[in-house]
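Below is one structure, written out as structure tokens; the observations come after it.
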Amino acid sequence: MPSNKSVSDAPITQFMNCRILKEQELQSEDLWVREGTILNPEKLFFDEKGYADTQIDCQGSIIAPGFIDVQINGGYGIDFSLATDDVKGGVSLVAKKILSHGVTSFCPTLVTSPPHIYHKVLPGISVQNGGAEGAGVLGVHLEGPFISREKKGAHPEQCLRSFQAGGFQDLLDTYGSLDNVALVTLAPELPRSQEVIRELVRRGVTVSLGHSVSDLSQAEEAVQQGATFITHLFNAMLPFHHRDPGIVGLLTSDQLPPGRSVYYGMIADGIHTNPAALRIAHRAHPTGLVLVTDAIPAMGLPPGKHTLGQQVIEIQGLNAYVAGTKTLCGSIATMDMCVRHFLQASGCTVEAALEAASLHPAQLLGVSDRKGTLHYGSDADFVFLDDSLNVRATYIAGEQVWKK
């Protein structure tokens with residue numbers, strides 16, 4: 001029987017016996033959902049005289065907003081930086097698998113590649129809503145090729161490029177198109193990078209600083225031009241120095257535009273960042289921390305040799321290296337593992353750990369009006385967790401898409 005025909009014929013689901021993450025704290029409160037959106041129960045009761053069609057006993061679970069991964073290079077043998085004949089199918093396979101990690105939205109990430117790879121791969125990845133078929137795609141993250149040779153990390157040197165000749169046109173020629181691109185990582189010390197940052201931001205693309213030997217003043221100038229993110233803080237950048245803290249100094253800089261927040265990615269896999277460094281960053285700027293997996297195609301696969309873009313990589317235990325070296329190249333961690341490790345290593349609250357994987361990435365990408373929170377009117381993308389933050393179930397648009 002419809003709850004109230006004058007408003008909607010759609011059924012209403014009431015999630016009971018749960019603690020929901022709202023306003024930075026876990027609250028013992030029911031969650032109401034209709035047509036894929038979180039409802040205000042007061043309006044439902046008093047304005048619509050409505051009621052629940054279905055009640056679900058959550059058995060004491062924590063309900064948190066669905067996790068959002070803004071840096072994931074692939075997984076389960078799929079490499080987003082390879083121009084296969086079925087790019088879309090590869091993205092879909094990873095999108096389906098990461099539902100079990102609590103991820104409801106993500107940014108497929110391409111590492112430094114030759115132009116023909118971008119021209120073939122990018123048209124095959126489109127922004128789309130999630131559902132039973134997999135997590136939603138919020139847009140592509142292009143990490144490189146406009147980065148520093150000295151801090152290239154696992155990125156192939158022969159594919160690196162600059163803006164020297166044509167500025168923004170060089171970027172367009174390399175990528176072919178910015179349709180469905182959400183995020184670009186570049187090195188702000190490259191000549192003409194400031195004009196490129198300005199134009200990317202004007203077109204609605206989030207700009208991140210990374211793989212860089214930038215000093216603090218160059219990084220501050222980039223933020224003044226519109227950059228808002230730091231790619232995997234501490235990794236592939238100059239180490240913190242007290243006379244010039246480099247990009248890391250953005251966490252406490254007083255030279256940023258008023259009201260501008262800088263976010264920073266952290267790979268909390270227990271390998272990329274020492275727990276003490278993780279704690280320093282979090283205590284310096286807790287509201288900017290964004291957990292990322294930086295997961296590579298070998299995530300979910302056994303140890304051995306795999307690929308990442310143009311490179312051969314080797315998995316040894318939980319470490320992923322460029323084959324024949326000790327250069328780290330992404331992780332094989334899952335987002336729920338990163339949330340648990342961050343909680344344990346940082347000593348932060350459960351709420352802070354969950355928001356670093358949901359609210360903060362949504363704010364970074366400018367989608368926190370509908371993603372990353374359980375506010376009324378938001379998309380009903382959420383995850384059931386036990387008290388140890390293991391994922392019990394994942395929901396997208398109010399429908400269960402994965403269950404343990």
Side-chain angles (χ1 to χ4, degrees), residues 7-8 10 12-13 15 20-27 29-44 47-48 63-71 95 102-108 126-131 134-141 178-184 200-208 226-229 257-265 286-292 335 351-383 394-399 401:
V7 175
S8 172
I12 292 168
T13 305
F15 295 86
I20 68 175
L21 180 61
K22 267 178 82 174
E23 316 297 348
Q24 282 79 51
E25 61 177 333
L26 291 174
Q27 305 182 15
E29 202 178 292
D30 294 350
L31 188 70
W32 297 74
V33 173
R34 175 173 60 199
E35 293 185 296
T37 302
I38 296 170
L39 285 181
N40 180 342
E42 286 195 6
K43 283 191 171 174
L44 176 67
D47 298 354
E48 301 183 28
I63 299 185
F67 301 152
I68 299 171
D69 194 351
V70 302
Q71 188 175 8
V103 176
T104 54
S105 300
F106 71 114
C107 293
S126 49
V127 173
Q128 60 189 49
N129 292 325
V137 175
L138 294 173
V140 179
H141 178 175
L178 289 172
D179 294 345
N180 297 304
V181 172
L183 190 59
V184 170
L200 283 168
V201 171
R202 191 185 72 77
R203 292 174 180 233
V205 176
T206 300
V207 175
S208 185
T228 50
F229 192 46
R260 173 76 53 81
S261 190
V262 172
Y263 296 90
Y264 57 97
T287 57
L289 193 145
V290 173
L291 289 175
V292 299
M335 183 56 87
E351 292 90 340
L354 294 170
E355 288 190 338
S358 55
L359 174 64
H360 299 171
Q363 290 172 328
L364 162 70
L365 294 176
V367 296
S368 58
D369 57 328
R370 55 193 173 89
K371 304 283 184 193
T373 76
L374 299 178
H375 294 157
Y376 306 139
S378 292
D379 293 350
D381 298 353
F382 48 84
V383 56
T394 305
Y395 284 74
I396 292 180
E399 299 294 327
V401 292

Who passes side-chain contact (heavy atoms from CB on, under 4.5 Å) against [X], sequence neighbours left out?
X	answer
Asn40	Glu42, Lys43, Tyr376
Arg203	Phe168, Leu172, Leu178, Glu199
Ala380	Val33, Ile38, Phe382
Val127	Asn180

Can you tell me how far the [atom1] atom of [X] sits from the [atom2] atom of [Y], to the nearest 0.5 Å?
X	Y	atom1	atom2	result
Thr37	Trp32	OG1	CH2	16.0 Å
Leu39	Glu35	CG	CD	9.0 Å
Gln27	Glu351	CD	CD	9.5 Å
Ser105	Ile396	OG	CD1	6.5 Å
Ile63	Lys22	CD1	NZ	11.5 Å

_For Leu200, the option from Thr206, Val181, Leu183, Val184 that meets side-chain contact (heavy atoms from CB on, under 4.5 Å)_ = Val184
*Evaluate the side-chain proximity of Val383 to Thr104: yes if any heavy-atom separation is below 4.5 Å, no if none is.*
no
*Do Val292 and Asp69 have side chains that get closer than 4.5 Å, going by heavy atoms?*
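Yes - at least one pair of side-chain heavy atoms lies under 4.5 Å apart.
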*asked:* Main chain of Val70, side chain of His141: is a donor-acceptor contact present, judged purely on distance under 3.5 Å?
replied: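 Side chain of His141 to backbone of Val70, a donor-acceptor pair under 3.5 Å: yes, one is there.
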Would you name the heavy atoms of [X] and [Y] that are closest together and state the gap between them?
X	Y	result
Arg260	Ala227	NH1-O, 4.1 Å
Val137	Pro108	CG1-CD, 3.7 Å
Leu138	Cys107	CB-SG, 4.2 Å
Phe106	Ala95	CE2-CB, 3.7 Å
Val103	Ala135	O-CB, 3.6 Å

In chain order, what residues pass the side-chain hydrogen bond (donor to acceptor under 3.5 Å, both in side chains) check against [X], with sequence neighbours excluded?
X	result
Tyr395	Gln400
Ser208	Thr231
Thr13	none
Glu355	Gln24

*Just wondering, more than 12 heavy atoms not from Glu399 lying within 6.0 Å of its CD?*
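Open.
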*Partners meeting salt bridge (charged side-chain N to carboxylate O under 4.0 Å, His left out) with Glu25 (sequence neighbours left out)*: none
*Considering residues at least two apart in sequence or located in another chain, which fulfil the salt bridge (charged side-chain N to carboxylate O under 4.0 Å, His left out) criterion with Asp381?*
Lys371
Please report, to 0.1 Å, the donor-acceptor pairs under 3.5 Å made by any side chain of residues 358-368, with sequence neighbours excluded.
unit_1	atom_1	unit_2	atom_2	d
Ser358	OG	Leu354	O	2.7
His360	ND1	Leu289	O	2.7
Gln363	OE1	Tyr263	OH	3.4

*Given the rule in the side-chain contact (heavy atoms from CB on, under 4.5 Å) test, do Val262 and Phe229 qualify, once you have shown the distances and angles that lead to the verdict?*
CA-CA 6 Å; Val262 172; Phe229 192 46; over 6 Å; no
